[in-house]
Every structure is written in structure tokens, then in C-alpha cells.
Number of protein chains: 2
Amino acid sequence: MTNYHMQKSEREIIEKTVLEEILERGRYAVIALCRENDPYVVTLSYGYDPIKRSLYFHTARKGLKLEYLKANPSVCATVIEDGGYIMGECAHAYRSVVVRGNMEVVKALQEKKYGMEVMLGHLEINPEVVRKRSLPDDRAYARAAILRLDILEITGKAGR
Amino acid sequence: MTNYHMQKSEREIIEKTVLEEILERGRYAVIALCRENDPYVVTLSYGYDPIKRSLYFHTARKGLKLEYLKANPSVCATVIEDGGYIMGECAHAYRSVVVRGNMEVVKALQEKKYGMEVMLGHLEINPEVVRKRSLPDDRAYARAAILRLDILEITGKAGR
């Protein structure tokens with residue numbers, strides 16, 4: 001089923017370490033949501049937590065995506081490594097993963113802090129700089145929403 | 001409504017020429033589909049047709065995405081210009097568009113040819129090379145599916 005739509009120019013990525021590597025290297029995910037059969041797409045920076053097998057996101061406290069998630073927490077997201085179009089070949093070089101899972105708003109302050117640390121650790125070389133400036137105390141967390149996407153299924157693909 | 005979820009670090013792109021430019025420069029789109037409230041995401045190379053205001057795609061004749069489209073032709077797609085993560089700023093530089101519309105499989109040979117020409121013109125510097133090698137005659141079109149996404153709505157966003 002997972003390789004149902006593989007084409008000749010594509011190969012499925014099976015190795016767990018490679019799937020992990022793509023998630024570790026990625027900086028943003030494109031997420032498909034849907035509500036009453038109406039699809040919606042959002043792109044968000046993320047931090048990957050290999051222990052929980054979750055992605056954490058940081059976003060505004062209100063917004064259309066939160067309404068979609070409230071109606072339907074099931075999402076399908078992709079992280080793409082773009083190797084560029086291959087001129088004259090009608091082909092694109094890439095590696096990508098597609099994950100399915102549930103995405104929810106993190107409620108507890110303790111996990112909000114944890115999720116933010118996952119993001120800073122994933123994205124920043126020196127997290128302390130951002131931590132000091134943007135997260136001086138716990139009140140900073142009241143202004144933001146932290147989302148967690150728990151990965152239930154992951155597949156990967158590479159194209160020449 | 002369109003700027004419902006704009007954050008401080010984001011700005012809405014209003015100018016039609018800039019929205020067009022992002023579509024013209026993009027090489028692939030990430031497309032959110034859904035079927036019975038189950039979201040799915042696919043990434044495909046495309047060609048943009050500014051006259052029809054449509055995106056054309058080339059894909060295998062069978063596959064999970066075609067089943068989703070059969071169940072629900074309504075899609076939401078995004079094209080992203082990735083300017084890279086901005087270290088120390090907890091921010092990402094980008095421009096993106098989000099389009100909503102209907103996506104369907106092109107049936108008529110004449111439009112399949114047209115759609116393929118839109119794609120080659122969009123993606124290739126010298127379309128003739130690919131045309132000669134991969135499309136020697138009309139039989140080549142029987143082996144591929146051409147999809148057309150008609151844009152009903154387009155919004156754009158940029159982040160510092």
C-alpha cells in the first residue's frame with residue numbers, strides 16, 4: 001500500500017535511520033488538515049522529538065488551523081529535502097517523508113516548555129540566545145500555542 | 001478572513017503580480033487532499049498556466065492520490081519559496097501562496113498535450129530535448145495522467 005504510487009523515477013525509503021535523518025534535517029513541515037471534507041494546508045517550523053516520536057510546533061493562539069484541528073485532529077504532513085529540478089530530465093531531486101498522525105494543542109505549561117525546548121534544540125545552534133530574549137519567564141508561554149503531532153505512520157520516498 | 005492567522009512576523013501578500021511571480025518561480029506544489037475526512041498530502045512538479053489560471057501536473061495513471069481526487073476534487077495547495085531558517089531569530093524567511101480549487105484528471109488528448117506543454121514550458125529551459133525523447137508520438141500520452149488544478153482562490157504570505 002505504501003508504495004502504491006511509486007513511479008519508476010522514485011524509490012521508497014525503508015531505512016528507519018534515513019527517515020529519522022530527514023526529520024532531523026528538516027526545518028518546516030507542510031501539513032494537510034481537513035474539516036467536513038474541506039482540505040486545508042499549513043506550513044510550520046518544527047522541532048522533532050525522536051523519543052516521543054512527535055513533532056512540536058509553535059503558533060499563534062488563534063487561527064484557522066486551530067479550528068480545523070478542533071474539528072479533526074487527524075493530519076498528514078510532509079517534510080521535503082529539495083535537491084532542485086534536474087534540467088533536461090523532466091525530474092526533480094528530492095527526499096521526503098510523509099507522516100500521518102494526530103495533532104493537538106498542548107495544554108500543560110510543563111509540556112509547553114518541553115515542546116519549546118525541542119523546537120529550540122532542533123532549530124537553533126545556540127538556543128540560549130532565543131531563550132533569554134523571548135522566554136524570560138513562564139508568562140511568555142501564555143501568549144503562544146504549542147502543537148504536538150504524534151507520528152502514527154511514516155513513509156519516505158526519494159526521487160532522482 | 002484571509003489574514004486571520006497572520007502573526008507579527010508575517011505579512012500578507014496582496015499584489016497579484018507577486019502572487020503570480022511565486023507561482024511562476026515555483027517548481028513543485030504540496031497539495032492537501034481529503035476523502036471521508038481523512039487528510040492526505042502529495043508533492044508534485046507543476047506547470048503554471050496564467051491564462052487558464054490553472055496548474056498542470058504529470059503523474060502515474062494509478063495511485064492513492066487519484067482515489068482521493070475521485071472521492072473529492074477539492075484541494076488546497078501551497079507553493080513555498082524557502083529563504084532558509086534565520087539563526088538566532090527563531091524565524092524562517094519565505095514567501096508562499098496557498099491556492100484552493102478543484103483538481104481533475106484531464107481526459108482529452110488535446111488538453112493532455114496542452115498541459116504537458118505548459119509543464120515543459122514552465123520547467124525546462126529547452127523543452128524540445130524532453131519533447132523529442134519522452135513524447136515521440138501521441139501514444140506517450142496514454143501512459144501518463146495529466147491533472148489540472150483550477151485556481152478558485154489564492155492568498156500569499158511572506159515571513160521575514
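These numbers come from the heavy atoms of this one structure, side chains and all, not from hydrogens, waters or symmetry mates. Throughout, protein chains are lettered first and strands after them, A, B, ... in sequence-line order, and every chain is numbered starting at 1.
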Would you mind telling me which of A:Val75, A:Leu33, A:Asp82, A:Leu120 has the largest number of heavy-atom pairs within less than 4.5 Å of chain B?
A:Asp82
Is [Y] reachable from [X] through a run of hydrophobic residues whose side-chain heavy atoms are each under 4.5 Å from the next?
X: B:Ile146; Y: B:Leu69; result: no
X: B:Ile151; Y: B:Leu44; result: yes
X: A:Val42; Y: A:Leu147; result: yes
X: A:Ile154; Y: A:Ile14; result: no
X: B:Val30; Y: B:Tyr56; result: no

For residues A:Glu24 and A:Pro50, determine if any side-chain heavy atom of one lies less than 4.5 Å from a side-chain heavy atom of the other.
yes
Where does [X] contact chain B at under 4.5 Å (heavy atoms): side chain, backbone, both or neither?
X: A:Tyr94; value: neither
X: A:Ile80; value: side chain
X: A:Leu66; value: neither
X: A:Leu123; value: both
X: A:Asn126; value: neither
X: A:Thr78; value: both
X: A:Ser74; value: both
X: A:Val41; value: both

B:Glu124 and A:Tyr85 side chains, donor-acceptor separation under 3.5 Å:
yes
Pick from [options]: which one has the most heavy-atom pairs with chain A under 4.5 Å?
options: B:Met119, B:Arg27, B:Glu89; answer: B:Glu89
options: B:Cys76, B:Ser134, B:Gly84; answer: B:Cys76
options: B:Asp38, B:Val129, B:Val98, B:Ile31; answer: B:Asp38

Indicate yes or no: does A:Lys70 engage A:Glu67 in a salt bridge with an N to O separation below 4.0 Å.
no
Which atoms form the tightest heavy-atom contact between A:Ala71 and A:Arg35, and what is the distance?
CB-CG, 3.5 Å
Does any backbone or side-chain atom of B:Ile125 lie under 4.5 Å from a heavy atom of chain A? Answer side chain, backbone, both or neither.
both
